[in-house]
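Below, chain A is the first sequence line, B the second, and so on; all start at residue 1. If you're wondering where the values come from, they're calculated on a predicted model, not measured in any experiment.
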Amino acid sequence: MGLKHECRVLIYQIGLTMRRMNAQRGFIAANALGMVANNLLFFITWLILFQLVDNLRGWHLSDVAMMYGIGATAYGLAGSIFGGWRNLADDIFSGRFDTFLARPASPLTLSITSHLQPSSLGDALSGPVFWLVFCHVTLAQFLLLCVMSFVGSLIVVAFGVVVYSSAFWFRDGRHAGEIIMYWLISFMTTPLHGMPVWAKVIFFTIIPAGFVSYLPVEMIRDPSLDKLVYMVLGAVGSLLVARTVFYAGLRQYKGVSGVRTGI
Amino acid sequence: MTFMSLAPSFFFGGLAVQAARRTTLLLAIRLLLYVTIVGTWVYTLSLMPDGIWARLGLTWSDFVWYIVIAEIGTFAGGPHHREVEYQLKEGHFQSHLTRPVSWLAIWGGYELADAAIGVLALILTGFSFAYMLTGYCPITLTTLPLLALMLTLAAMIWLTIGTAIGLSTLWLGSPLIPYWVAQKMLFVLGGMIIPLHLYPMWLQHIVYFTPFPAVLAIPAQLTMPAHGIGMVNGLLYQLAVLAICLIILHLIWRAFVNKLVRGG
């Protein structure tokens, strides 16, 4: 099965997701609105904080709002287009994953596009709200933010696949995965610019939150092609790592499945 | 019977042992998350300009201790709403309705034991973390039991709210939206990061009409005795909030059982 075939499957699966969204319009809209309200409500803490101080070592409210928006949109796109990664550990544990193995396409493509997270659409929509209300971005900046959020979403998906693939090896992979994903979310919504170098190294390698939200904000503050290239390289690297870890886990899956079924 | 049986059920050794077994892994996860969240906020506050602390009449260390204690209220219990939703969707309630002890009593006892273990572990972890960062501890041996009591009350209030939200699954199909909204209101109106006396005056007037400060700010105010509403007032406020929350939960529970019995 070549790359062309996988791309076709991917597009078909995304189309299927869109149709699923359409079939549950009311439910998804309610969840999406709930998530937008959730994100905006939490941002009130930052509004109160910025009433006390003008800036956090050079970052103003608009920068933090931009970071929040990018983080939310990247996470939202990752959950609405490729939402299956969040169910990967459950699928492995319950045996539902077996159904992906019997189909004529990559199990990675099938598994990441198998589920839709209804609330993710709300996350995806939160970003533009933050950018327009708090950041007063230009049209060019808005489009650039959309592109960078999409690239960021690929990094989130890749990271999610890596952490939830731990279920191939560990029984508690789901819990561990949730913790590690929460770390990613925490660091995606924390201003990283004052961090020491060793911490920044971690946020651009082990937990790639820096690529998802910090670098895009710096890109808008001080545009340069280098930063965009770094981001794209970060996404490509993350996807390659995810693919490698997933297939390494898949090779283990037969053994795990055998133990579970008592074979 | 429901509320009366809550207290003795808390002491049921079997329940406590079960809770301890179940919580070993979940507790470890909670502690990791707790340290991560507290750590990121403490770091964020370290980015504030130096002159701000004198203007606020506080120190960075005061903020560290405030956040460490405020966060315990939310982390002491697990995701109650999800557990209730799971039990409802798996049909556990139907089998409980035929038993002589109310589900609410068993649930309350079980989760309270869980929360008590959580509070203890979080105090140990949080205090170690904050002491490592600040080099002092504002909680004396005489105020420690009061803090433990306030944190347990905070956990009970959040458990009551979480259970009510979980029961709403029967009407809404999913507890997620009300949970998100309640959780974020808790963070903002409860004073999770910023002590309530630093909020705009109009907001300070509103927050105490909600249950949220009883979960976060009231126990955390013990680190800043010069600010806040005082120990006795704080304790009375928590008890009043808990009583109101329990009454509301009881009403929701009755409606829940009625709907379940009639509609299945």
Members of residues 55-67 of chain A whose heavy atoms come closer than 4.5 Å to chain B: Asn55(A), Leu56(A), Arg57(A)
Given a strict heavy-atom distance threshold of 4.5 Å, which part of Leu33(B) is in contact with chain A: side chain, backbone, both, or neither? both
Greatest number of non-hydrogen atom pairs under 4.5 angstrom with chain B, of Pro191(A), Ser186(A), Gly122(A), falls to Pro191(A)
Those residues of residues 196-219 of chain A that come under 4.5 Å of chain B on a heavy-atom basis, listed by number, are none
Classify the angle between the aromatic ring planes of Phe187(B) and Phe42(A) as parallel (below 30°), tilted (30 to 60°) or perpendicular (above 60°). perpendicular
Pair Trp53(B), Thr59(B): side-chain N/O donor-acceptor within cut-off below 3.5 Å: no
d(Met35(A) CE, Leu40(A) CG) to nearest 0.5 Å is 11.5 Å
Measure distances from Leu47(B) to the heavy atoms of chain A and classify the residue's part below 4.5 Å as side chain, backbone, both or neither. both
With distance as the sole criterion, is a donor-acceptor pair present between the side chains of Thr134(B) and Trp65(B) under 3.5 Å? yes
After noting the C-alpha distance and the side-chain angles of Asn31(A) and Ser119(A), does the key distance pass the side chain to side chain donor-acceptor pair (under 3.5 Å) rule? CA-CA 5 Å; Asn31(A) 272 270; Ser119(A) 59; 5.4 Å; no
Sort out for me which of Thr40(B), Leu45(B), Leu56(B), Leu203(B) touches chain A most, counting heavy-atom pairs under 4.5 Å. Thr40(B)
Ring centres of Phe134(A) and Phe50(A) under 6.0 Å apart? no
Given a strict heavy-atom distance threshold of 4.5 Å, which part of Leu32(B) is in contact with chain A: side chain, backbone, both, or neither? both
Ile194(B) portion near chain A, given a 4.5 angstrom heavy-atom threshold: side chain
CE/Met201(B): more than 12 non-hydrogen atoms of other groups inside 6.0 Å: no
CA sep, side-chain torsions, deciding dist, call: Phe187(A), Tyr182(A), ring-ring contact (aromatic ring centres under 6.0 Å, His included): CA-CA 9 Å; Phe187(A) 297 126; Tyr182(A) 210 93; over 10 Å; no
Thr44(B) vs Thr190(A), test: side-chain contact (heavy atoms from CB on, under 4.5 Å). Steps then yes/no. CA-CA 7 Å; Thr44(B) 301; Thr190(A) 301; 3.7 Å; yes
Other residues, nucleotides, ligands: >12 heavy atoms within 6.0 Å of Met185(B) CE: no
How long is the straight-line distance from CD1 of Ile92(A) back to CH2 of Trp169(A), given to the nearest 0.5 Å? 9.0 Å
Can you tell me which portion of Leu33(A) sits under 4.5 Å from chain B's heavy atoms? Options are side chain, backbone, both or neither. neither
Which of parallel (below 30°), tilted (30 to 60°) and perpendicular (above 60°) describes Trp107(B) and His80(B)? perpendicular
Looking only at side chains, do Ser120(A) and Asp123(A) share a donor and an acceptor under 3.5 Å apart? no
